[in-house]
Protein chains: 2
Amino acid sequence: MTIYDIANACGVSIATVSRVLNNSDKVSEKTRQKVLDVIRQQNYSPNPFARGLGLDSMRMIGLLCTDVSDAFYAKAVSLVEHELKQRGLDMMLICTGNDIQSKKKYLQFLLKKHVDAIILIGSPFREDEDNSHLAETARKVPIIAINSLLELPNIYSVLCDEAGGMELAVRKLTNAGCKNILYLYDRTNYSGQQKLQGFRAGIARAGLPHQEKLICRTSRDLPIVEETVKRMIAPSLPFDAIIGSEDQIAIGAQKALSAANLHLPVIGCNNSVLADCATPSLTSIDNRLDILCPAAVDVLAKILETGPDAAPSQTVFPAIIQYRDSFPAPPDSR
Amino acid sequence: MTIYDIANACGVSIATVSRVLNNSDKVSEKTRQKVLDVIRQQNYSPNPFARGLGLDSMRMIGLLCTDVSDAFYAKAVSLVEHELKQRGLDMMLICTGNDIQSKKKYLQFLLKKHVDAIILIGSPFREDEDNSHLAETARKVPIIAINSLLELPNIYSVLCDEAGGMELAVRKLTNAGCKNILYLYDRTNYSGQQKLQGFRAGIARAGLPHQEKLICRTSRDLPIVEETVKRMIAPSLPFDAIIGSEDQIAIGAQKALSAANLHLPVIGCNNSVLADCATPSLTSIDNRLDILCPAAVDVLAKILETGPDAAPSQTVFPAIIQYRDSFPAPPDSR
DNA sequence: GTGAAAGCGCTAACAG
DNA sequence: CTGTTAGCGCTTTCAC
């Protein structure tokens with residue numbers, strides 16, 4: 001079934017059918033209806049490849065993500081997929097893993113697939129390194145970065161103020177009397193840098209001394225975090241609260257505390273399903289994926305429809321804290 | 001940059017370039033090298049839409065999944081994506097949610113996109129209901145079902161013996177002296193049915209009486225599971241172990257037990273990252289996604305390359321148990 | 001408002 | 001082995 005069949009059945013030319021298909025206003029209402037009727041009745045739908053060839057677009061968005069099996073990224077992918085579908089856009093998912101070389105490779109790869117735009121989920125690229133490949137890709141196709149800040153032409157960042165969120169968390173803890181907060185992190189991508197910076201700012205603003213030994217790099221591998229924390233506890237306890245840059249890290253820390261029969265406030269980050277499953281359930285900084293992702297697709301849609309200048313190059317939302325048992329909402333909370 | 005440019009630059013016809021592009025053996029080694037050189041040097045890659053139009057294929061696989069934000073499905077998507085990429089296949093991800101109508105809709109949708117095959121992740125369809133839409137879709141394009149059994153032409157099932165896994169879990173518990181196992185589940189899709197059936201078989205085989213009141217439908221919503229279990233504990237404790245049909249359900253049960261200061265063996269299902277994060281860490285039935293997914297893509301590749309009869313219509317792997325603290329490996333374990 | 005016809009870039013007979 | 005050419009199904013000028 002092709003456009004010719006429909007044209008024949010309607011007694012019009014294929015050009016007219018094409019116009020109807022593309023919502024051209026240069027078709028009389030009468031013929032439009034007739035064509036639509038026949039299309040519906042024959043359950044016709046145009047060949048996407050032919051259409052792609054003609055329009056040089058298949059309304060396909062490339063989604064570049066470090067790892068969908070990670071709960072946080074998975075949620076983002078899920079939200080983005082939903083929004084794209086609403087707008088009649090399809091998505092091609094590419095997971096890159098953590099290797100920077102393969103990330104570059106897949107950027108190139110998506111370009112060859114002639115995707116209409118690329119969405120970056122998480123912070124696959126660091127702003128302080130050589131981003132020439134990103135800049136180059138962005139010359140061909142718009143890039144929307146969710147939760148990382150890339151200040152390059154034709155790249156649009158939609159992110160959460162994670163530094164602010166972290167600073168807020170620190171303030172809540174210090175308000176509650178904590179003076180020595182252990183900070184555990186694993187990555188130094190844009191997001192990781194922001195969080196750490198927010199942590200430092202929070203400590204400084206509370207008038208507390210900077211203690212480098214309480215800022216500890218570890219892994220989100222549970223046994224490794226536990227080991228890290230156990231080692232810190234060893235001779236005497238140098239901290240009275242813990243913040244993890246990821247829920248999973250915070251959970252590892254909880255386990256170590258719990259094994260040592262210690263009860264300290266713990267705060268995680270990402271507010272993933274893991275936070276609910278932890279014992280005690282984990283208070284977590286929520287970086288607003290449920291807002292970021294729709295906003296990112298909004299930006300994308302605007303670019304596709306109205307052109308690159310119609311969209312803000314940066315969109316920033318504030319972080320919030322989701323209180324749970326590991327650090328219940330203090331009475332002052334607003 | 002088109003195939004004409006390359007042809008010109010090489011002093012050959014576009015047919016020859018096309019042949020090189022498609023690994024035809026009817027090209028002399030010398031011209032092949034020349035063409036390849038020019039292609040590389042110009043960084044040319046053929047227009048995928050034009051190619052799609054000619055071949056009626058863009059080597060695109062449709063992935064139909066209930067919900068990627070679920071840890072289990074996310075892992076499956078991740079594994080499948082990786083395998084497909086290895087084979088030069090792309091994937092389009094569609095999340096359907098739980099509504100059966102929209103599942104049917106998206107099956108139709110993928111067909112219109114002319115995908116080369118469809119992979120079903122999880123058990124989006126129940127085998128006992130009207131699957132005419134599935135059968136109809138399978139007439140046009142092969143369907144690979146991961147972890148559900150659909151006995152229809154051109155549908156290939158790759159699954160784990162979840163009934164066997166559940167029966168094994170029951171045996172381990174009864175061997176350890178448990179006599180009244182509480183079974184908590186939330187869904188009745190193919191997978192859910194298998195697990196329940198395995199549970200019943202395990203109880204029967206252990207020579208224990210069937211106790212319908214210990215088979216309890218609940219939700220994977222944590223507070224709801226906790227409520228369910230609390231209510232069961234109420235007057236007197238009627239069970240001495242718990243199996244949850246999902247890790248998340250088992251974790252809810254653990255929380256209820258823990259709140260009541262009870263310590264009983266708990267086993268979950270799916271062996272997801274949640275199992276590690278639970279306290280105590282959760283022993284879980286592993287349904288072998290890491291084997292199922294590559295196997296599924298193998299089947300798919302075989303069909304695409306060699307035709308539909310080259311692939312087994314059913315591939316079944318045994319389940320295993322991943323022991324953790326909530327029910328440590330018994331000494332008899334083999 | 002509508003139709004004829006020229007592409008879009010590639011594949012695959014077919015002929016040599 | 002290589003080139004010519006007719007499509008693939010649709011979009012889009014350009015006339016009318």
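On a predicted model such as this, the values are computed, not experimentally measured, just so you know. Just so it is clear: chains get the letters A, B, ... in the order the sequence lines come, proteins before strands, and each one is counted from 1.
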### Task
Identify which one of B:Leu63, B:Asp70, B:Leu79 satisfies the side chain to side chain contact (heavy atoms under 4.5 Å, CB included) criterion when paired with B:Ile121.
B:Leu63

### Query
Atom CG of A:Asp56 and atom C1' of D:dC10: how far apart are they, to the nearest Å?
13 Å

### Task
Rounded to 10°, tell me the angle between the two end axes of the helix from C:dG1-D:dC16 to C:dG16-D:dC1, each built from five pairs.
30°

### Query
Under 4.0 Å: is that the gap between some side-chain N or O of B:Thr16 and OP1 or OP2 of D:dG3?
yes

## Note on the structure
The single option from A:Leu159, A:Val158, A:Asp298 that satisfies side chain to side chain contact (heavy atoms under 4.5 Å, CB included) with A:Thr315 is A:Val158

### Query
Which atoms form the tightest heavy-atom contact between A:Thr188 and A:Gln193, and what is the distance?
O-NE2, 3.0 Å

### Query
Tell me: CZ of A:Arg59 to P of D:dC10, nearest whole Å?
18 Å

### Message
Please give me the minimum heavy-atom distance between B:Lys302 and B:Ala310, naming the atom from each residue.
### Response
CD-O, 3.3 Å

### Message
If I compare all heavy atoms of B:Pro308 with all of B:Ile303, which pair ends up nearest, and what's the gap?
### Response
CA-CG2, 4.1 Å

### Task
Ignoring backbone atoms, test whether A:Thr31 places a side-chain nitrogen or oxygen under 4.0 Å from the OP1 or OP2 oxygen of C:dG1.
no

#### Entry: B:Ser57 and B:Asp116: side chain donor to acceptor below 3.5 Å
yes

### Message
Ring of B:Tyr106, cation from A:Lys85 - is the NZ or CZ under 6.0 Å from the centre and inside 45° of the axis?
### Response
yes

### Query
Separation of A:Asp25 atom CG from C:dG1 atom C1', in whole Å?
11 Å

## Note on the structure
5' to 3', nucleotides 6-16 of chain C under a 4.0 Å protein heavy-atom cut-off (B base, S sugar-phosphate only, - none) gives --BBBBBB---

### A:Leu21 CG to A:Arg32 CZ distance, which is reported to the nearest 0.5 Å
10.5 Å

